[in-house]
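Computed from heavy atoms alone, side chains included, the values below leave out hydrogens, waters and symmetry copies.
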Amino acid sequence: MTNRTFDADGVTLEQVREHVWEIPRTGDMRVPARVLASEALLEEISDDKTLEQLQNTTHLPGIANYAICMPDGHQGYGFPVGGVGAMDVETGCISPGSVGYDINCGVRMMRTSLTYSDLQDREEELVDSLFANIPSGLGGGGIVDGDVDTVEEILARGVDWALEHGHAVEDDLLHCEDEGMREEADPSKVSQKAKDRGKNQIGSLGSGNHFLEVQRVTDVFDAAVGEAYGLEEDQIVVLIHCGSRGLGHQTCNDYLRKIEQQHRGLLDKLPDKELAAAPAGSQLAEDYYGAMNAAINFAWVNRQVIMHRVRKVFERVFDRSWEDMEMELLYDVAHNIAKKEYHEVDVGPDGTPAVGDEVVGREERELYVHRKGATRAFPAGHPEVPKAYRDVGQPVIIPGSMGAGNYVLRGGENSMELTFGSTAHGAGRLMSRTQAKNEYWGGDVQQQLRDQDQIYVKAQSGATVAEEAPGVYKDVDEVVGVSDALGIGDKVARTFPVCNIKG
DNA sequence: ATGTGC
């Protein structure tokens with residue numbers, strides 16, 4: 001039996017098995033590339049430069065096993081959004097473009113004890129109140145009006161800073177990756193310019209695909225895991241999607257420029273200068289890792305401060321205490337990060353990552369796991385899964401479009417073997433922002449969501465609504481179906497929007 | 001994503 005193939009523009013993928021497609025090594029590719037997708041999604045993925053970019057990433061030094069594109073993949077800056085690349089910490093590299101401009105863009109979900117009926121006929125009031133109290137849109141203005149010293153502390157301490165300043169409770173830290181603080185953060189490696197941009201953006205959503213959404217749980221697919229996550233049908237939850245704002249953007253930019261200047265030799269060997277990478281062990285690799293971890297802490301504080309403000313908004317609207325409404329953080333996931341983690345990789349005679357004929361065995365290696373538009377999805381039993389969820393696997397939160405709904409998954413049994421413990425991060429764009437604005441008119445999109453689905457959307461800019469219209473996204477059910485079928489992230493629950501605010 | 005650019 002011959003395997004099926006898929007011909008895209010300039011590249012042929014071979015099907016390894018259902019939902020697993022491989023671009024074999026040719027030329028200077030260090031490893032093969034894999035796309036995890038149904039044929040329909042692969043068709044969409046092959047529409048833009050995603051596959052070419054994915055192939056390019058296999059040229060990065062020290063990349064292990066294979067470069068991976070998730071079912072929601074689309075083109076990004078150098079490295080595809082929906083991409084995972086794991087590079088050896090001793091012999092590989094770290095690459096800002098493979099983390100993304102929005103360092104620690106991510107999602108958190110907060111539970112409540114409210115049900116959909118508690119909200120009905122209150123939607124307008126709630127969406128207005130959220131919009132009035134949660135800063136959004138481009139530019140400055142956050143919930144906390146900080147100075148550079150505040151930013152320094154946030155960069156070093158993450159959510160611990162929020163706890164000290166009344167924007168968090170102890171329990172919030174226990175339900176966040178790394179308890180909301182990367183120890184390896186080095187605020188001194190974040191530029192003054194980045195800190196200046198961050199100081200008036202503490203607690204702000206930003207623009208683009210960032211949003212805050214009140215949702216109702218429509219389905220619980222796995223009763224036991226649903227119970228462990230505290231989710232049941234008809235329950236109201238709140239989803240917050242945002243990142244590190246101008247601070248992270250500036251940090252990414254700063255290091256891209258430094259790498260271009262200081263590591264020209266490596267850059268000239270790469271097929272795309274947007275993949276600029278600092279060689280493992282170099283001063284710049286260490287500096288970027290310290291700065292990136294600091295920006296990660298900033299983004300966690302950003303989501304934390306927003307979430308805590310949402311509690312206060314609900315208190316005013318429903319005239320009950322947030323504790324009484326059981327507004328507890330379910331989990332916070334980062335989907336634009338690099339992290340040092342240990343994974344089993346194919347190694348050559350010198351013990352470093354290898355492929356093909358050079359492979360002599362499999363060993364645990366420490367890797368910079370780059371997840372850009374990809375979510376960590378560690379399975380049950382993994383020591384890095386917080387205690388509350390260790391028996392069932394870590395929660396994975398997958399936002400769909402504002403008209404389609406969202407998923408909660410749990411890290412699957414096969415994720416460590418197949419994807420360095422990762423799965424998708426969302427529905428994934430189908431078309432560019434420019435194209436979206438030609439196809440849709442914000443006001444019409446808003447009206448339709450309101451009339452057809454009782455979804456209340458409020459935005460700073462109509463253009464943003466057009467850019468984020470449901471039709472510009474892939475089918476989130478299809479994306480999640482692939483994750484579930486591969487056993488990298490299993491379906492637990494589905495939610496549907498009620499109120500949505502955005503930039 | 002982004003005080004919407006290389």
Side-chain angles (χ1 to χ4, degrees), chain A residues 48 53 72-83 95-107 135-142 146 148 151 190-202 204-212 240-261 264 267 272-276 291-292 295-296 298-300 302-303 306 334-338 370-375 399 401 425-429 431-438 442 459-468 472-473 502-503:
Chain A
D48 59 19
Q53 290 186 334
D72 55 337
H74 60 93
Q75 75 179 56
Y77 180 88
F79 193 96
V81 176
S95 152
S98 310
V99 169
Y101 265 93
D102 190 5
I103 297 167
N104 191 5
C105 182
V107 207
S136 64
L138 282 171
V148 171
V151 174
V190 175
S191 70
Q192 203 55 45
K193 196 172 173 186
K195 290 168 187 166
D196 276 332
R197 286 181 70 174
K199 69 188 179 205
N200 63 348
Q201 298 186 325
I202 305 158
S204 65
L205 277 178
S207 185
N209 61 356
H210 291 162
F211 64 85
L212 186 153
I240 298 166
H241 179 201
C242 62
S244 51
R245 303 292 328 276
L247 183 140
H249 188 272
Q250 188 65 45
T251 302
C252 180
N253 208 42
D254 289 341
Y255 280 92
L256 284 169
R257 299 296 91 83
K258 284 188 194 196
I259 290 168
E260 284 166 9
Q261 287 162 15
R264 197 75 233 175
L267 190 57
D272 182 352
K273 93 177 184 64
E274 293 183 354
L275 286 176
M292 179 205 63
I296 285 173
F298 184 88
W300 271 326
N302 192 23
R303 290 197 285 278
I306 291 170
H335 55 225
N336 273 16
I337 50 106
H370 297 70
R371 294 190 183 92
K372 179 185 184 182
T375 313
S401 73
H425 85 306
R429 294 195 82 82
M431 62 178 87
S432 70
R433 295 181 187 284
T434 318
Q435 197 185 340
K437 278 181 283 198
N438 291 329
Q460 299 284 353
S461 147
T464 307
V465 179
E467 288 173 7
E468 297 301 315
V472 318
Y473 280 95
K502 54 175 68 271

Handout entry: For A:S95, side chain to side chain donor-acceptor pair (under 3.5 Å) partners two or more places apart
Key = A:S98
Problem - A:H425 side chain to A:G373 backbone, donor-acceptor under 3.5 Å - result: yes
Handout entry: Atom pair distance, as rounded to whole Å: CD in A:Q460 and P in B:dT2
Key = 13 Å
Problem - Touch class at under 4.0 angstrom, heavy-atom based, for A:S207 against every strand present - result: sugar-phosphate
Fill in the blank from the handout: Rounded to whole Å, CG of A:L247 lies from P of B:dT2 at a distance of 12 Å
Handout entry: Whole-Å distance separating the CD atom of A:E274 from the P atom of B:dC6
Key = 8 Å
Exercise for the section: Give A:G208 one of three labels, base, sugar-phosphate or nothing, depending on what nucleic acid heavy atoms sit under 4.0 Å from its own. Expected result: sugar-phosphate
Problem - Rounded distance (Å) that lies between atom C1' of B:dG5 and atom CD of A:Q250 - result: 13 Å
Problem - Between B:dT2 (P) and A:D196 (CG): distance, integer Å - result: 18 Å
Practice task
Would you mind classifying the nucleic acid contact of A:E467 as base, sugar-phosphate or nothing, using non-hydrogen atoms under 4.0 angstrom?
Solution key: nothing
Practice task
Starting from C1' on B:dT4, measure out to CD on A:Q435 and report it in whole angstrom.
Solution key: 18 Å
Exercise for the section: Rounded to the nearest angstrom, tell me the gap between atom CD in A:Q201 and atom P in B:dT2. Expected result: 8 Å
Handout entry: Pairwise distance NZ(A:K273) to CD1(A:I259) - rounded to 0.5 angstrom
Key = 11.5 Å
Handout entry: Smallest separation among heavy atoms of A:G83 and A:A374, with atom names
Key = O-CB, 3.9 Å
Problem - A:R429: which of A:E467, A:Q75, A:E468 passes side-chain hydrogen bond (donor to acceptor under 3.5 Å, both in side chains) - result: A:E468
Problem - Distance, rounded to the nearest Å, where A:K273 contributes NZ and B:dC6 contributes C1' - result: 7 Å
Handout entry: Upstream residue (5' side of DNA chain B) when A:R433 and A:L138 are each assigned their closest nucleotide
Key = A:R433
Practice task
Would you kindly compare A:R257 and A:G246 by the position of their nearest DNA chain B nucleotide and give the one closer to the 5′ end?
Solution key: A:G246
Practice task
With heavy atoms under 4.0 Å as the rule, sort A:K372 into base, sugar-phosphate or nothing.
Solution key: nothing
